[in-house]
Amino acid sequence: MKTVHKLLLSALFAISLPVLAMDLQQAMSALSSAKTQGLVGEQPNGYLGVVGSSAQAKEIADLINKARKAEYQKLAAKNGIQLSDVEAIAGQKAIEKTEAGQFIQLNGQWQKK
């Protein structure tokens, strides 16, 4: 009985692994691939947007956007400027740095650069 119990616990644990939330480091590691696959793209507001319908893409974007916002807030406070100004500058730079074939958002529409 103990062996069956252990096997069931092992199976449940293995099934639950994909459900576990990723952390920021994992999201950063997955970002390049997500961009290449067309799942996320850069927006003019300095944040990532979800291009394709994917729970993983949303999780990546949410985690990275949270970290970006924290950095933008620090930069705005340090330089005595509005958060929206930092976001706009960051968005412009991110779009400029986006590789050909990846998605950017212009005028509210996703397009490949």
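Keep in mind that the numbers below use all heavy atoms, side chains included, and drop hydrogens, waters and symmetry copies. Along the sequence shown, residues carry numbers from 1.
- For Asp62, the side chain to side chain donor-acceptor pair (under 3.5 Å) criterion is met by Lys58, not counting sequence neighbours.
- Contact between Ile60 and Ala30 at its shortest, heavy atoms only, is CD1-CB, 3.7 Å.
- Between Glu42 and Arg68, at least one side-chain N (NZ, or NE/NH1/NH2) sits under 4.0 Å from a carboxylate O, which counts as a salt bridge.
- In this structure, Val51 and Gly38 approach most closely via the heavy-atom pair CB-O, 3.3 Å.
- The nearest pair of heavy atoms linking Leu39 to Ser54 is CD2-CB, 4.3 Å.
- A salt bridge (Lys or Arg N to Asp or Glu O under 4.0 Å) check over residues 73-89, counting only residues at least two apart or in different chains, returns the pairs Glu71-Lys74.
- Between the side chain of Gln26 and the backbone N or O of Asp23, at least one donor-acceptor pair lies under 3.5 Å.
- Formation of a donor-acceptor pair under 3.5 Å by the Asn65 side chain with backbone atoms of Leu48 is found in this model.
- Among pairs with a residue in residues 94-113, none fulfils salt bridge (Lys or Arg N to Asp or Glu O under 4.0 Å), at least two apart in sequence or across chains.
- A pairwise comparison of heavy atoms in Ala61 and Val40 identifies CB-CG1, 4.5 Å as the closest pair.
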Output side-chain donor-acceptor pairs under 3.5 Å for residues 101-111, partner residues at least two apart or in another chain, one line each.
none

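- Residues Met28 and Leu63 share a hydrophobic cluster, clusters being chains of Ile/Leu/Val/Met/Phe/Trp/Tyr side chains in contact below 4.5 Å.
- With sequence neighbours excluded, no residue satisfies side chain to side chain donor-acceptor pair (under 3.5 Å) with Tyr72.
- Here the CD-OG distance, from Gln37 to Ser32, works out to 9.5 Å after rounding to the nearest 0.5 Å.
- In terms of hydrophobic clustering, with Ile, Leu, Val, Met, Phe, Trp and Tyr side chains grouped at heavy-atom distances under 4.5 Å, Tyr47 and Leu75 are assigned to a common cluster.
- In terms of heavy-atom proximity, Ala67 sits nearest to Leu24 at CB-CD2, 3.7 Å.
- Applying the salt bridge (Lys or Arg N to Asp or Glu O under 4.0 Å) test to residues at least two apart or on different chains, none of the pairs has a partner in residues 43-55.
- Shortest non-hydrogen contact noted between Gly52 and Ala57 is O-CB, 4.5 Å.
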